[in-house]
Amino acid sequence: MLFRLTPYLLVLPLMSFIAVFTYIPIAASINLSFREWDFLSPTMPFVGLENYRLLLSSHEFWNSVRVTALFAVISVPIRLGLALMVASYLVRETLPSRLLRGALFLPSVTSTVSIAVVFSWMFATDYGMVNAFLVSLGLGRVPWLQDPQLALWVVIVVNTWKQLGYDIVIYIAGLQAVPQELYDAAAVDGGRKAHVFRRVTVPLVMPTTYFLLVVSVIEAFQIFTIVDVMTKGGPAGATDMLVNMLYRVGFTLFDIGQGSALAVLLFILLIALALFKSRVLGRRIHYEA
Amino acid sequence: MKPDETRPGNRILTWLALAGGLLFLFPALYSIFMSFQTVDAYYTGTLDFTLENYQLAIGQFHFARYLFNSLIVSGTVTVMGLAFATMAAFAFARFRFAGGNLLFAAVVATLMIPSHISLIPNYLSLARVGLLDTYAGLILPAISNGFAAFFLRQYIRGIPVALDEAAYMDGATPLQVLWRVIVPIARPAIFSMGLFIFISEWNSYIWPLVAVGDEDLYTLQVGLARLYKVNPGEDVVNWPLVMAASTITILPILLGFIFVERHLVRGITMGAVK
């Protein structure tokens with residue numbers, strides 16, 4: 001009897017925490033998104049789709065959608081392209097390659113807040129390292145984080161610097177699964193390096209690329225910390241990502257209804273992407289033993 | 001492939017790789033360097049080193065307190081997260097029980113669920129039971145880790161069942177089998193997951209930002225962001241002080257990283273490729 005209860009007792013702690021802090025909140029978010037509440041008033045009247053209507057007709061929301069999508073569309077290909085090129089050089093198990101891998105991987109386990117603070121200094125207008133370098137070349141100071149045209153690019157650079165090592169490590173795992181004979185054959189056929197890269201490496205790591213593509217797009221849509229520390233979404237909304245808007249609406253304006261509506265919309269988008277990932281990746285065959 | 005470090009030209013390659021790595025890490029390395037500079041030396045570009053920034057950060061700006069908070073929160077989340085994930089993983093890997101597949105699917109599905117959806121509801125429910133501004137409020141929502149449970153379940157399935165059966169023959173209970181047979185064999189996987197959980201929790205920012213208003217409960221991440229954004233009584237950011245605080249924030253992970261890089265990389269790639 002006790003034996004039959006055992007599995008239930010073993011999964012009980014994990015399942016109850018998942019229920020309380022993951023699944024019930026999803027239902028709660030959907031419920032709150034149909035209500036109007038400021039966290040203080042004693043009632044929370046049902047307002048139907050009003051929060052969604054307000055959100056979808058606000059300039060702020062569409063600006064966030066545009067900025068976040070732009071961030072994803074620019075930063076993901078840069079990350080993956082750079083990572084694959086670097087990974088194809090670091091795939092061999094030699095000392096230099098291991099050292100470099102370690103160095104490149106380090107930022108991905110480092111505090112994002114620290115990284116954002118350090119790069120705020122790098123790109124500071126007056127005492128920053130980047131401008132000091134430009135001045136030493138005889139060029140002028142650039143207001144990196146104050147210029148709406150440039151701030152998003154700085155966010156992209158910082159995010160790439162942080163995530164690149166992770167992408168490289170995943171690509172290396174993918175590359176190591178590619179049979180060495182294919183490279184040998186290409187070398188015998190006299191393939192030049194760039195040619196081998198394009199015709200052998202790129203097609204064979206396609207499964208890894210799909211994986212990284214979807215994972216990093218999902219991640220890109222959830223960016224928050226770098227922006228919160230470096231720009232607060234500014235200047236003039238130029239870096240205002242969806243989660244930064246969610247934080248502002250929910251926790252500084254205390255508009256619980258609209259914040260929840262925003263959370264639900266983002267949730268639907270990300271779940272769609274995740275399902276797309278498991279459908280596509282589920283059908284892909286991995287090139288591994 | 002054989003390691004070929006001894007071939008001619010490879011020593012140069014090693015140095016080049018080292019230089020490349022240092023160049024890449026330059027922003028981080030320079031921030032550590034700057035944290036030992038006096039403020040005057042920083043602004044005038046002279047060399048004058050001091051520990052004053054650390055004394056200020058630890059004392060006046062409470063970073064000793066934040067460090068302690070981060071250790072408590074990340075440590076507790078890691079230990080409890082691992083315990084819950086290992087128990088569930090053992091059940092999912094070794095027992096066939098009604099509803100088991102459905103429950104496992106519910107665990108796997110959490111890997112797809114973005115955490116921001118629970119931000120507002122978790123804030124509201126913890127406020128209702130009075131757990132905002134407590135360690136429990138920081139810890140509880142972070143404990144369940146679907147990825148760790150999934151990963152460990154896959155790992156445990158690779159362990160021969162004959163080992164369990166032999167132990168049951170000898171009269172062991174399921175908990176004894178888990179503790180005496182499974183856990184010792186799965187130790188590398190559990191260790192990798194522990195690192196993974198600890199690092200994610202150490203670096204987590206948005207939940208501690210939301211859940212805590214009391215400065216005494218700030219984690220390092222929240223404390224550092226505040227110190228940088230609110231520079232008390234000054235027009236200009238005190239960069240050497242901020243960099244000392246930043247160094248305190250990354251140091252534990254940085255030191256640990258040197259010893260555990262291999263485990264970490266293995267955990268991450270196994271999770272991605274499988």
Side-chain angles (χ1 to χ4, degrees), chain A residues 3 6-8 10-11 13-15 17-18 21-22 25-26 28-29 32 92-97 99-100 102-106 109-114 117-122 127 129 166 169-170 173 211 222 224-225 229 243 246-247 250-251 256 259-260 263 266-267 270-271 274 286 288, chain B residues 1 3-5 13-14 16-18 20-21 24-25 27-28 30-31 84-85 87-88 90-91 95 97 100 103 106-107 110 112-114 116-122 140-141 143-144 146 149 174 199 203 205-206 210 221 224-225 228 239 242 246 249-250 253 257 261 264-265 268-269 272-273:
Chain A
F3 201 78
T6 304
Y8 295 101
L10 284 169
V11 300
L14 181 74
M15 294 320 297
F17 272 77
I18 285 180
F21 293 108
T22 303
I26 295 174
S29 280
L32 288 166
R92 304 197 327 167
E93 293 292 335
T94 59
L95 183 64
S97 132
L99 286 173
L100 204 48
L104 292 165
F105 184 66
L106 194 53
V109 293
T110 304
S111 148
T112 313
V113 175
S114 282
V117 165
V118 169
F119 275 92
S120 296
W121 165 76
M122 292 282 290
Y127 291 95
M129 171 69 64
Y166 170 83
V169 162
I170 303 292
F211 171 81
Q222 300 188 74
F224 171 76
T225 305
V229 174
V243 179
L246 167 62
Y247 175 76
F251 295 99
I256 300 297
S260 298
L266 185 53
F267 174 75
L270 292 174
I271 290 291
H286 291 275
E288 51 184 334
Chain B
M1 196 176 300
D4 48 8
E5 275 118 61
L13 264 182
T14 309
L16 276 177
L18 212 56
F24 182 77
L25 294 179
Y30 196 85
S31 76
F84 290 4
M87 284 158 60
F90 175 58
F95 292 84
F97 54 107
L103 290 176
V107 171
T110 64
M112 292 199 289
I113 297 172
H116 73 266
I117 186 80
S118 44
L119 215 51
I120 291 175
N122 282 348
L140 294 175
I143 283 178
S144 66
I199 292 171
N203 293 336
Y205 177 58
I206 192 165
V210 166
Q221 314 303 328
L224 177 59
Y228 165 62
W239 285 114
V242 169
S246 164
T249 304
I250 60 175
I253 303 287
F257 181 78
E261 189 213 339
L264 214 61
V265 168
I268 282 166
T269 45
V273 178

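Naming: A, B, ... by sequence-line order, numbering from 1 per chain.
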Subject >> Heavy-atom proximity to chain B below 4.5 Å, by part of A/Ile18 >> reply: both

**OP:** Check step by step if side chain to side chain contact (heavy atoms under 4.5 Å, CB included) holds for A/Leu266 and B/His116.
**Re:** CA-CA 9 Å; A/Leu266 185 53; B/His116 73 266; 3.3 Å; yes

Original post:
Can you name the closest pair of heavy atoms from B/Pro114 and A/Gln222 and give their distance?
Top reply: CB-OE1, 3.3 Å

Original post:
Under a 4.5 Å heavy-atom cut-off, does chain A meet the side chain of B/Phe95, its backbone, both or neither?
Top reply: side chain

**OP:** Give the member of A/Gly250, A/Ser97, A/Ser260, A/Ser120 that has the highest number of heavy-atom pairs under 4.5 Å with chain B.
**Re:** A/Ser120

Subject >> From B/Phe84 atom CZ to A/Leu10 atom CG, the distance as rounded to the nearest 0.5 Å >> reply: 12.0 Å

**OP:** Please state whether the side chain, the backbone, both or neither of B/Tyr205 comes within less than 4.5 Å of a heavy atom of chain A.
**Re:** side chain

**OP:** Between chain B and each of A/Leu32, A/Val243, A/Thr225, count heavy-atom pairs under 4.5 Å; write down the option with the most.
**Re:** A/Thr225

Original post:
For B/Ile253, is it the side chain, the backbone, both, or neither that has a heavy atom closer than 4.5 Å to a heavy atom of chain A?
Top reply: side chain

**OP:** Report the option among B/Ile143, B/Leu18, B/Thr249, B/Ile113 that has the most heavy-atom pairs separated by less than 4.5 Å from atoms of chain A.
**Re:** B/Ile113

**OP:** Might you point out which heavy atoms bring B/Ala88 and A/Leu14 nearest each other, and give the distance in Å?
**Re:** CB-CD2, 3.5 Å

**OP:** Determine the minimum heavy-atom distance between A/Phe267 and B/Ile117, stating which atoms define it.
**Re:** CB-CD1, 3.6 Å

Original post:
At a heavy-atom separation under 4.5 Å, does B/Leu25 approach chain A through its side chain, its backbone, both, or neither?
Top reply: both

Original post:
So which part of B/Phe257 gets closer than 4.5 Å to some heavy atom of chain A, the side chain, the backbone, both or neither?
Top reply: side chain

Subject >> Nearest-0.5 Å distance that lies between atom CZ in A/Phe21 and atom CG in B/Leu140 >> reply: 4.5 Å

Original post:
Any idea which heavy atoms bring B/Ala17 and A/Leu100 closest together, and the distance?
Top reply: O-CD1, 3.1 Å

**OP:** Answer with side chain, backbone, both or neither: which region of A/Leu99 has an atom nearer than 4.5 Å to a non-hydrogen atom of chain B?
**Re:** side chain

Original post:
Does any N or O in the side chain of B/Ser118 come within less than 3.5 Å of the main-chain N or O of A/Thr22, such that one atom is a donor and the other an acceptor?
Top reply: no

**OP:** Show your working on side chain to side chain contact (heavy atoms under 4.5 Å, CB included) between B/Ile120 and A/Leu246 and close with a plain yes or no.
**Re:** CA-CA 9 Å; B/Ile120 291 175; A/Leu246 167 62; 4.1 Å; yes

Original post:
With only heavy atoms counted, which part of B/Ile199 is less than 4.5 Å from chain A, the side chain, the backbone, both or neither?
Top reply: side chain

Original post:
Which atoms form the tightest heavy-atom contact between B/Ala91 and A/Val11, and what is the distance?
Top reply: CB-CG1, 3.6 Å

Original post:
Under 30°, 30 to 60°, or over 60°: which ring-plane class applies to A/Trp121 and B/Tyr30, parallel, tilted or perpendicular?
Top reply: parallel

Original post:
By a 4.5 Å heavy-atom criterion (distance strictly below it), what part of B/Leu16 contacts chain A: side chain, backbone, both, or neither?
Top reply: neither

Original post:
If you tally heavy-atom pairs under 4.5 Å against chain A, which of B/Ala106, B/Ala85, B/Ala149, B/Ser31 wins?
Top reply: B/Ala106

Original post:
So which of A/Val113, A/Thr112, A/Val118 has the biggest tally of heavy-atom pairs under 4.5 Å with chain B?
Top reply: A/Val113

Original post:
How far does OH of A/Tyr247 sit from CG of B/Leu119, to the nearest 0.5 angstrom?
Top reply: 9.0 Å

Original post:
Which atoms form the tightest heavy-atom contact between B/Leu103 and A/Met15, and what is the distance?
Top reply: O-CE, 3.7 Å

Subject >> chain A contact via B/Thr110 - which portion, at a heavy-atom distance below 4.5 Å >> reply: both

**OP:** Check whether any side-chain N or O of B/Asn203 sits under 3.5 Å from a backbone N or O of A/Val109 as a donor-acceptor pair, and report yes or no.
**Re:** yes

Subject >> Proximity breakdown for B/Pro141 and chain A, heavy-atom pairs closer than 4.5 Å >> reply: both

